[in-house]
Trainee: 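Starting off with a structure, shown below.
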Amino acid sequence: MNIVEQVKEQLKAEIAQAIEKAGLAAAGEIPAIILETPKEKEHGDFAANIAMQLARIAKKAPRAIAEEITEHLDKSKASIEKMEIAGPGFINFFLDNGYLRELIPAVMEADQSYGCSEFGNNQKVQVEFVSANPTGNLHLGHARGAAVGDSLCNILEKAGYDVTREYYINDAGNQINNLAYSVEARYFEALGKEASMPEDGYHGEDVRQFGKELADTYGDRFIDTPEEERLAFFREYGLKREMEKLKQDLHDFHVDFDVWFSETSLYEEGKVEETLQLLREKEEVYDQDGAVWFRSTTYGDDKDRVLVKSDGSYTYLMPDIAYHKNKFERGFAKVINIWGADHHGYIPRMQAAVQALGYQKNQLETQIIQMVNLYENGERVKMSKRTGKAVTLRDLMEEVGIDATRYFFAMRSADTHLDFDLSLAKSQSNENPVYYVQYAHARLSSIFRQASEKGFSFDPNADLTPIASEKEYDLLKKIGEFPEAVALAADKYAPHRMTTYLHELASVFHSFYNAERVVDPEDEKKTKARLALVKAVQITLRNGMKMLGVSAPEKM
RNA sequence: GCCCUAGUAGCUCAGAGGAAGAGCAACAGCCUCCUAAGCUGUAGGUCACAGGUUCGAAUCCUGUCUAGGGCGCCA
């Protein structure tokens with residue numbers, strides 16, 4: 001708990017005591033006291049709505065209650081400077097903000113771990129995200145999922161969870177057979193032979209490239225090999241190359257996984273069969289029309305779902321249930337899936353499956369990444385997956401850059417449709433929100449360069465008493481909110497709360513920067529104190545940007 | 001038809017019981033001074049609509065309208 005939270009707790013305790021002393025309510029009747037940080041400056045440093053909440057218990061008008069609370073409050077104990085009753089019965093507290101200075105050494109001490117909290121109690125959490133089929137390039141939707149997923153993982157880690165990042169490789173289904181056929185077709189094509197793409201083939205440039213590679217390396221060697229053998233080779237080759245590409249693209253996007261989980265491994269280890277057997281024993285499945293059905297309606301799904309088709313093969317759901325069983329067996333208290341919007345109808349059946357396996361419904365959390373529409377110069381950019389004509393993650397990184405792409409995706413709540421404005425993201429101007437935050441960091445760095453040029457050395461033990469202006473306190477308040485902001489973002493699975501926070505922090509800093517001078521050769525004492533303050537800002541900003549996978553430039 | 005998302009300033013979006021918010025765009029100012037990719041100020045709103053719950057609703061409930069998406073023995 002940092003000093004801001006301590007002061008808040010103290011103030012809450014004093015309010016509770018005042019309520020008792022005034023005889024407004026007995027100790028057991030007092031509702032949880034909430035202190036808000038008002039948006040408006042005129043509403044003080046903290047505001048309490050307790051008087052309104054007590055209206056019914058005390059059977060008095062809220063403003064009268066507020067009056068009595070303030071009369072019985074021990075101002076000396078909670079560094080209260082002034083109290084005002086406002087609106088329907090808010091009590092606005094104006095504090096002596098000197099205590100905020102204590103944040104500076106605390107932030108410097110914590111350094112890279114500033115922002116961490118015990119919120120997650122070291123609970124084991126698994127986040128599965130991206131998990132795109134290894135059959136082509138990562139497109140816009142995957143890019144959004146990667147940015148949101150990775151940022152969420154960083155946030156969860158900072159909030160005190162033990163996080164595993166996982167990618168589920170769909171390397172067992174039909175789509176891999178189609179990949180093999182597609183590679184084959186491109187291979188023949190590269191050799192100048194007649195070749196036709198399968199109905200559901202993959203038309204991407206990458207697959208064409210693989211065909212060329214194979215033709216260059218092996219010549220016409222595969223033309224006479226038996227089809228089965230040839231396809232097996234192409235399948236392996238295609239999968240290997242696709243995975244290399246995926247990993248590289250994601251890595252370059254600053255997204256790395258702890259576990260790459262192969263669907264095939266579930267089959268090889270008999271996990272799929274084992275899971276089906278378990279469901280049968282638990283009488284969660286039944287046979288009908290030659291197929292095996294999962295009674296998902298027991299757990300609120302619209303209809304029962306087929307697990308084994310009448311031709312004996314599994315549906316997609318079956319290995320996926322086995323996969324989730326495996327997740328929980330690895331000891332994760334919570335499993336978070338980040339899925340594309342096209343999977344959203346799939347949530348109820350997966351939740352049903354988790355319950356059928358004997359786990360709690362809320363142990364599985366599914367976040368949906370909504371659709372991304374691309375705009376350029378005000379025009380909607382049309383994309384077609386079939387022809388492989390789609391904007392890829394790689395395109396975005398090259399055209400827009402990693403920082404802007406990651407920031408843009410992290411900026412909006414994930415479960416709403418996103419209009420991605422390419423022109424805006426590419427523009428090197430103040431219209432682009434990512435620069436606002438980065439510029440703040442560059443300015444901070446510049447201050448330290450200037451300071452050292454002018455002979456000031458940064459002193460972590462500087463006397464901080466010169467820090468006393470409103471702008472400085474505003475900065476410190478914002479810095480003090482950081483761990484709470486991280487924990488809240490973790491609690492709501494909402495990375496976009498971090499971009500909001502960083503924007504606010506940058507804004508308070510820019511405002512301070514314009515109003516006050518840090519490096520002042522005339523006043524060494526003040527300069528040293530402010531350098532320490534500004535160092536705390538820099539640490540906070542940098543930690544936040546790192547969570548979003550955005551770089552913190554020294555110069556711009 | 002059923003289910004999910006959304007509808008808040010001109011535009012893009014936060015806010016999810018407590019005092020209507022940000023960025024961009026518009027308008028008016030600010031660089032002899034640590035980076036003007038910045039700052040300061042002005043203007044801009046029936047929070048889609050109608051009911052309900054509450055001391056209090058953009059926020060919760062019910063219904064309606066509009067937009068997008070999902071509803072396979074595909075993955």
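Quick note on labels: first sequence line is chain A, next is B, and so on, each numbered from 1.
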Trainee: Just how far, in rounded Å, is P of B/G18 from CZ of A/F46?
Mentor: 18 Å
Trainee: Could you give me the stems involving RNA chain B, meaning stretches of three or more consecutive Watson-Crick or G-U wobble pairs whose two defining distances are both below 3.5 Å?
Mentor: B:1-7 with B:65-71, B:10-13 with B:21-24, B:26-30 with B:38-42, B:48-52 with B:60-64
Trainee: Whether the side chain of A/H324 engages the backbone of A/I321 through a donor-acceptor N/O pair (distance < 3.5 Å, no angle test) should be reported.
Mentor: no
Trainee: When the P atoms of B/A58 and B/G21 are compared, how many Å lie between them, rounded to an integer?
Mentor: 13 Å
Trainee: Please state whether the rings of A/F509 and A/Y513 are parallel, tilted or perpendicular, taking 30° and 60° as the class boundaries.
Mentor: tilted
Trainee: Can you tell me if the side-chain N/O atoms of A/R517 get under 4.0 Å from OP1 or OP2 in B/C33?
Mentor: no
Trainee: Is the shortest side-chain N/O distance from A/R497 to OP1 or OP2 of B/A16 below 4.0 Å?
Mentor: yes
Trainee: When we call it a touch if two heavy atoms are under 4.0 Å apart, what does A/E522 touch: a base, just sugar-phosphate, or nothing?
Mentor: nothing
Trainee: Is a donor from one side chain sitting under 3.5 angstrom from an acceptor on the other, for A/S469 and A/E472?
Mentor: yes
Trainee: Both A/A414 and A/P433 contact RNA chain B. Which one's nearest nucleotide lies toward the 5' end?
Mentor: A/A414
Trainee: How would you label the contact of A/A440 with the nucleic acid (heavy atoms, under 4.0 Å): base, sugar-phosphate, or nothing?
Mentor: nothing
Trainee: With nearest nucleotides of RNA chain B determined for A/K492 and A/Y439 from heavy-atom distances, which residue corresponds to the more 5′ nucleotide?
Mentor: A/K492
Trainee: So if I define the base as every atom that isn't primed, P, OP1 or OP2, how would nucleotides 67-75 of chain B read as a B/S/- string at a heavy-atom cutoff under 4.0 Å?
Mentor: -BBSSSBSB
Trainee: Indicate, with a heavy-atom threshold strictly under 4.0 Å, whether A/S413 touches base, sugar-phosphate, or nothing.
Mentor: sugar-phosphate
Trainee: Closest approach to the side chain of A/D419, judged atom by atom: which nucleotide of B/U12, B/G18, B/C24 is it?
Mentor: B/U12
Trainee: In whole Å, measure the gap between the C1' atoms of B/C24 and B/A14 for me.
Mentor: 14 Å
Trainee: Could you give the distance separating B/C47 and B/A57 at their C1' atoms, to the nearest angstrom?
Mentor: 11 Å
Trainee: Can the positive tip of A/K82 be found less than 6.0 Å from the middle of the six-membered ring of A/F93, inside 45° of the ring normal?
Mentor: no
Trainee: So how far is it from A/T500 OG1 to A/R412 CZ, rounded to the nearest 0.5 Å?
Mentor: 8.5 Å
Trainee: Walk me through whether A/K327 and A/N337 qualify under side chain to side chain donor-acceptor pair (under 3.5 Å).
Mentor: CA-CA 11 Å; A/K327 289 186 186 187; A/N337 290 334; 2.8 Å; yes
Trainee: Centroid separation under 6.0 Å, is that true for the rings of A/F482 and A/Y501?
Mentor: yes
Trainee: Side chain to side chain donor-acceptor pair (under 3.5 Å), that's the test. Do A/Q438 and A/D403 meet it? Break it down for me.
Mentor: CA-CA 9 Å; A/Q438 291 189 311; A/D403 290 341; 2.9 Å; yes
Trainee: Just checking, any donor-acceptor pair under 3.5 angstrom between side chains of A/K245 and A/N137?
Mentor: yes
Trainee: Would you indicate what A/E36 reaches in the nucleic acid, counting non-hydrogen atoms under 4.0 angstrom: base, sugar-phosphate, or nothing?
Mentor: sugar-phosphate
Trainee: Just to be sure I understand the rule, does A/A451 reach a base, reach only the sugar-phosphate, or reach nothing, if contact means heavy atoms closer than 4.0 Å?
Mentor: nothing
Trainee: Does A/N430 place a side-chain N or O at less than 4.0 Å from the phosphate oxygens OP1/OP2 of B/G38?
Mentor: yes
Trainee: Need one value for A/Q53: base, sugar-phosphate or nothing, where a base atom within 4.0 Å counts as base even if backbone is also close, heavy atoms only.
Mentor: base
Trainee: Take A/E284 and A/Y299 through the side chain to side chain donor-acceptor pair (under 3.5 Å) test and state the conclusion after the steps.
Mentor: CA-CA 10 Å; A/E284 303 282 2; A/Y299 304 97; 2.7 Å; yes
